[in-house]
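Notes for the one structure printed next.
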Amino acid sequence: MNVAGVLKGEFLKLRKRPAVWVCIGILLLLLLAFGYLLSWIVFTYTKPPTGPNGLPPGVTYAELKKGLYPLHFIQNTLNGGTQLGGVLALIIGVLSQGSEYGWGTVKTAFTQRPRRLEWLAGKLVSVALTMLVMTLLLLAMAALTSFVLATIDGGDRTWPAAVVILKGILSAWLIYCFWGFFGFGLATLFRQSAMAIGLGLAYALVIEALIFGLLSQFVGDPVRKVQQWFPLANAQYLIQSFGPPTREVGANPRPPFADATHAVTMLLLYCAAFVILSAAFLQRRDVTS
Amino acid sequence: MVETRGLSKRYGNTVLAVDQLDLNVHRGEVYGFLGPNGAGKTTTLRMLLGLIRPTAGSATVAGHAPGDPAGLARIGAIIETPAFYPYLSGWDNLKVVADYAGVPDSRLGDALEQVELTPRAKTKFSTYSMGMKQRLGVAAALIKEPELLILDEPTNGLDPQGMIDMRKLIVELGKGDRTVLVSSHLLGEVEQMCTRIGVIQDGKLVAEGTIGELRGAATLTVRAAPVSQAQMILTRMLGADAVIQRDGAFRLRVDAGRAAEVNRELVTAGVEVSELVSGQRSLEDVFIELTGSEGGL
């Protein structure tokens, strides 16, 4: 067994690959800008709109601002960082595997010592750990920013309970792992990056939303019963289990159709399915390039 | 060190890339796997390394089935162009290979030194010339200190000096107990480097032996006019299989001791003999006879 050796090699490759850091950097920057700074600037320096587009009765910017403080950083990060983060996790997953085919390095790996499935195991563990690093960086940045903003405002600097933080970390990690493994599986299937990123993005941004958007128009509510078996819906259930987005204070958001246990189970099953499919393709196919 | 029995690879119903190949590479030799482009050399080497599964037949490489980790631990290989990570330095690329192979990092310096790449070890692979990439490939193949080196067309894409350097390196690597299996479509290259040769054509091994064995016994070369009459006499005398006409001369597969007899027959029949030389066939002649191809000469 040489999974440890593969893991070492994969870490070196991921650590030194600029594309990985660009993806993580973009995610951190966007969450910082759109999740915190822009909202804070708007809530601090502008007046709320009035009329039909105004805030719900009894809601003020001062109250919305509290959503940016440490108590809500998990909620904020999950709501703001998981969809875009999912897309970037998908890209990292695709690049981790698709580039091997593009550069012809699959043959380099397979002519060393590891068995194909050992190589796969090492790669998937390294992708999962990269997702963990991404999750921790994202949450650390959100925590720090929320603390700084609360300090500037002289607001509440209470942190969420440790168990909520831990659940938040694990939830974000699971969602990113789903996306990373999805990308990895697509890259293994197509033996390239371009097709895998294209299809993955199409699914992330269009397909599931489009299918259920259209269906719900004709069929109505029963569509939600079907949707509960699909990954993006389950990612959303998991996020919603931490409470509604802080910007929806005063609104009356729809409760999630399924609970967090269902969501976690489904996302884990999808991760397992991508691992099994990748293993089957990798094990059976000839390496011809 | 390498033995195949009836090794075959078929793609779909039409393409038979390798057909019933029986190959024998002995320990300590530099074996040239010679054949024109598309003959099935790379497919065979990929099967030996477990990258491609054969459709039929079997192979033993370094005492193990192809692709077996215990066997791969004793094999260093370059298949087609060396493939590495462009954003990593030569050193880091070797480090990844060493991690995969379970080889200590202490081997990296030696391997780079052996291919004279130490000064550029810290620069990115994407900035390397073709020759440097090829040398890094050899270094990667060497870090396991392999008993068997499998090199697929290692001089492809190199400039003339690079080709000379690579051939010298291969000869050097083949000294001692190490076995080298090197594929090529270049006759001269194989002749310079190899102790034994296997010739592949259309997926079949058409000949295997030392260069001396393949060139065979001494033959006679005759230039005579008129050519048609000379051909008729020689064919009647020696049989059609023993007479090869090429470049206006006849190459006769007969013992050189029959030179006087051949000369007498031709002259008696009124044919003018301008040249009668005994000598061995070149490897080029052998290759053309076996494959009907002048590829890569």
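Throughout, a chain's letter reflects where its sequence line sits, starting with A, and its residues are numbered from 1.
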So which of B:Leu88, B:Val97, B:Asp92 has the biggest tally of heavy-atom pairs under 4.5 Å with chain A? B:Asp92
Can you confirm whether more than 12 heavy atoms, excluding those of B:Glu147, are under 6.0 Å from its CD atom? yes
Check each of A:Thr108, A:Thr105, A:Leu12 against B:Tyr85 using the side chain to side chain contact (heavy atoms under 4.5 Å, CB included) test, and report the only one that passes. A:Thr105
Stepwise, does the side chain to side chain donor-acceptor pair (under 3.5 Å) test hold for A:Lys16 with B:Tyr87? CA-CA 8 Å; A:Lys16 295 213 170 183; B:Tyr87 59 92; over 6 Å; no
Test side chain to side chain contact (heavy atoms under 4.5 Å, CB included) applied to B:Ile52 and A:Val287, step by step: CA-CA 6 Å; B:Ile52 291 179; A:Val287 180; 5.9 Å; no
Flag, side chain of A:Lys107 to backbone of B:Leu51, donor-acceptor distance under 3.5 Å: no
Which bit of A:Arg116 is near chain B, if near means a heavy-atom gap under 4.5 Å: side chain, backbone, both or neither? side chain
Have a look at B:Val96 and tell me which of A:Gln112, A:Lys8, A:Lys13 forms a side chain to side chain contact (heavy atoms under 4.5 Å, CB included) with it. A:Lys13
For atom NZ of B:Lys133, decide whether the heavy atoms of other residues, nucleotides or ligands shown that lie under 6.0 angstrom number more than 12. yes
Return yes when atom NZ of A:Lys167 has more than 12 non-hydrogen atoms of other residues, nucleotides or ligands closer than 6.0 Å, and no otherwise. no
Using a strict 4.0 Å threshold on nitrogen-to-oxygen distance, state whether B:Arg46 and A:Asp286 make a salt bridge. no
Heavy-atom cut-off 4.5 Å, strictly under: side chain, backbone, both or neither for A:Arg15 against chain B? neither
Once rounded to the nearest 0.5 Å, what's the spacing between atom CZ of A:Phe110 and atom CG of B:Leu72? 11.0 Å
Heavy atoms only: give me the nearest B:Ala83-A:Trp103 pair and the separation to one decimal. CB-O, 3.2 Å
Should we say atom CD of B:Glu116 is surrounded by more than 12 heavy atoms from elsewhere, each under 6.0 Å from it? no
Would you kindly say whether B:Tyr100 and A:Glu118 are connected by a side-chain donor-acceptor distance under 3.5 Å? no
Any side-chain heavy atom of B:Ile75 within less than 4.5 Å of one from A:Thr111? no
